[in-house]
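Take a look at the structure set out below.
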Amino acid sequence: MSVAPFLFVTDLDNTLVGDDDALEVLNRHLSQHRQAHGTKIVYSTGRSLTSYRQLKAEKSLLDPDALVTSVGTEIYHSNDDTPDPAWANALSQAWDRDLVVASTSHFSDLVPQPQPEQRPFKVSYFLTEEAAVEVLPQLKSVLKERGLDVKLIYSGGKDLDILPRHGDKGLAMQFLRRQLGIDAKQTVVCGDSGNDIALFAVGEERGIIVGNAQPELRRWHDANSSEALYLAKSSCAGGILEGLNHFGFL
Ligand code: GLC
Ligand code: MG
C-alpha cells in the first residue's frame, strides 16, 4: 500500500454507490488510508444536500472531509450546513437564475425536476434522449441570444442541468484541491455519467471511469483517452478499487 496521502473525489450514484459488498471493501481501504496517512475523501454529487442526506441514511457512506452537491455548485466542509461562501460568490458572477428560467421554461420537452433539486446555482429539467438532439442546440442559441453565458450538462440520457459558466464538478474539485494544498497528480476522481466529464477534463488529476459508465461518458473517453484516465472493468466501488490499484494509490 502506498503511504502517500491523496485526494479522493468520487461521484455517488452508480459510481461509489451501486454495489454494497464492493463498497464495504473500498470503505475499509479508504478509511484506513485516511487514518494512517491523512488521505482526504470528497463526494461530488448531482444531488442536493437534502437528497444526499436521504442516500446517507440508506447506504453505508464514510463521513467525507468535504461534500460537493448540486453538480459542483455547492461545497460543504465537514459537517457544515452552509455552503462555502467564496465558492458561492465566484458562481454568482454573471449568473441570472430568473432569466435562465424565463428563457427555458417554455420549451415543452423540458420537464422541471422536483423543487428540492432546483438550487440557487442550478436549474434542472428532465429531457428525453430523443428530444435532446433537437432541443439542446435550440436551447444553446436561445440562451446565447439573451446573453446568458451558462453551461448545459446532460447526464444519463435524462437529466439536464443548467449551471453558471464557472460551476461544475471539475472546477469545484480544483477549488477544493487548492484549498487543501494537494497536487493534481495526487488527486483521483471517479465517475460514471455526463456530469462527471468535467471532473476528468480539467487537468492532470487521475481519473477512474467505472465499468458501468453511461454512453455519454464512454463516448467522451473514446475521444479523449489518456494515460491519466483508467476505464475500469468492474462496476461501481469495485471499479474504483481497481483504478486505485492501477494508479498505485493503494
Ligand atoms: C442528480 C440530481 C439531479 C441532476 C442529476 C444529473 O440526480 O438530483 O438534479 O439533474 O443528478 O446531474
Ligand atoms: Mg453518477
Side-chain angles (χ1 to χ4, degrees), residues 8-20 22-23 26 42-59 61 64 67-76 83 91 97 100-101 104-105 107 109-129 131-132 135-136 139 150-164 167-173 189-201 207-221 231-232 234-240 243:
F8 173 77
V9 181
T10 186
D11 168 53
L12 295 174
D13 294 272
N14 303 312
T15 301
L16 185 68
V17 177
D19 176 343
D20 292 346
L23 177 58
L26 177 61
V42 172
Y43 297 151
S44 181
T45 177
R47 290 174 179 249
S48 60
L49 183 60
T50 311
S51 161
Y52 162 74
R53 287 183 169 150
Q54 282 161 2
L55 184 70
K56 193 160 191 315
E58 290 162 17
K59 297 287 173 185
L61 297 176
L67 171 68
V68 179
T69 63
S70 305
V71 199
T73 62
E74 294 170 33
I75 297 178
Y76 296 88
L91 297 192
R97 191 182 196 286
V100 169
V101 173
T104 53
S105 52
F107 280 83
D109 291 304
L110 297 181
V111 177
Q113 289 189 12
Q115 204 50 45
E117 297 309 294
Q118 309 296 345
R119 303 293 304 158
F121 301 110
K122 169 174 172 286
V123 177
S124 294
Y125 294 102
F126 294 120
L127 173 66
T128 64
E129 254 188 318
V135 170
L136 287 177
L139 260 179
V150 295
K151 202 167 261 181
L152 298 183
I153 299 185
Y154 190 52
S155 307
K158 64 180 174 59
D159 295 314
L160 176 68
D161 302 309
I162 310 179
L163 313 177
D168 63 32
K169 286 188 175 191
L171 297 168
M173 177 272 288
V189 301
C190 317
D192 78 300
S193 85
N195 72 11
D196 301 314
I197 292 174
L199 281 175
F200 299 116
I208 301 171
I209 298 175
V210 289
N212 55 301
Q214 292 287 325
E216 72 265 3
L217 177 54
R218 287 181 172 275
R219 277 195 297 271
W220 179 85
H221 177 254
L231 180 59
S234 314
S235 299
C236 306
I240 296 179

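Atoms within each ligand, like the ligands themselves, are counted from 1 in listed order.
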Expected output: side-chain Arg47 to main-chain Thr69 donor-acceptor under 3.5 Å: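 No, the answer is negative, given that no donor and acceptor are paired below the 3.5 Å cut-off.
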Donor-acceptor pair, side chain of Asp19 and main chain of Ala22, under 3.5 angstrom: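 Side chain of Asp19 to backbone of Ala22: a pair is present.
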Looking only at protein heavy atoms, identify the closest one to [atom] and say how far it is in Å.
atom: atom 1 (C) of ligand 1; value: Gly46 C, 3.6 Å
atom: atom 8 (O) of ligand 1; value: Glu117 OE1, 2.7 Å
atom: atom 9 (O) of ligand 1; value: Gln113 OE1, 2.5 Å
atom: atom 6 (C) of ligand 1; value: Asp161 OD2, 3.3 Å
atom: atom 5 (C) of ligand 1; value: Asp159 OD2, 3.5 Å

Minimum heavy-atom distance Tyr52-Leu61, with the two atoms named: CE1-CD1, 4.2 Å
Heavy-atom pair of closest approach, residues Arg218 and Asn212: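 Closest approach of Arg218 to Asn212, heavy atoms only: NH2-N, 4.4 Å.
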Per-atom contacts, ligand 1 versus [X] - under 4.0 Å to a heavy atom:
X: Asn195; value: 6 (C), 12 (O)
X: Lys122; value: 3 (C), 9 (O)
X: Val71; value: 12 (O)

Is it the case that [X] and [Y] place a side-chain donor and acceptor less than 3.5 Å from each other?
X: Asp161; Y: Ser124; answer: yes
X: Thr104; Y: Tyr125; answer: yes
X: Asp11; Y: Ser44; answer: no
X: Asp192; Y: Gln214; answer: no

Protein N, O or S within less than 2.8 Å of the Mg ion (ligand 2), waters excluded: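 Near the Mg ion (ligand 2), the protein supplies Asp11 OD2, Asp13 O, Asp192 OD1.
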Under-4.0 Å salt bridge between Arg119 and Glu74: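 The answer is yes: the pair qualifies as a salt bridge.
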Residues in side chain to side chain donor-acceptor pair (under 3.5 Å) contact with Ser155, at least two apart in sequence or another chain: none
Heteroatom distance test (Ser48, ligand 1): nitrogen or oxygen, under 3.5 angstrom: no
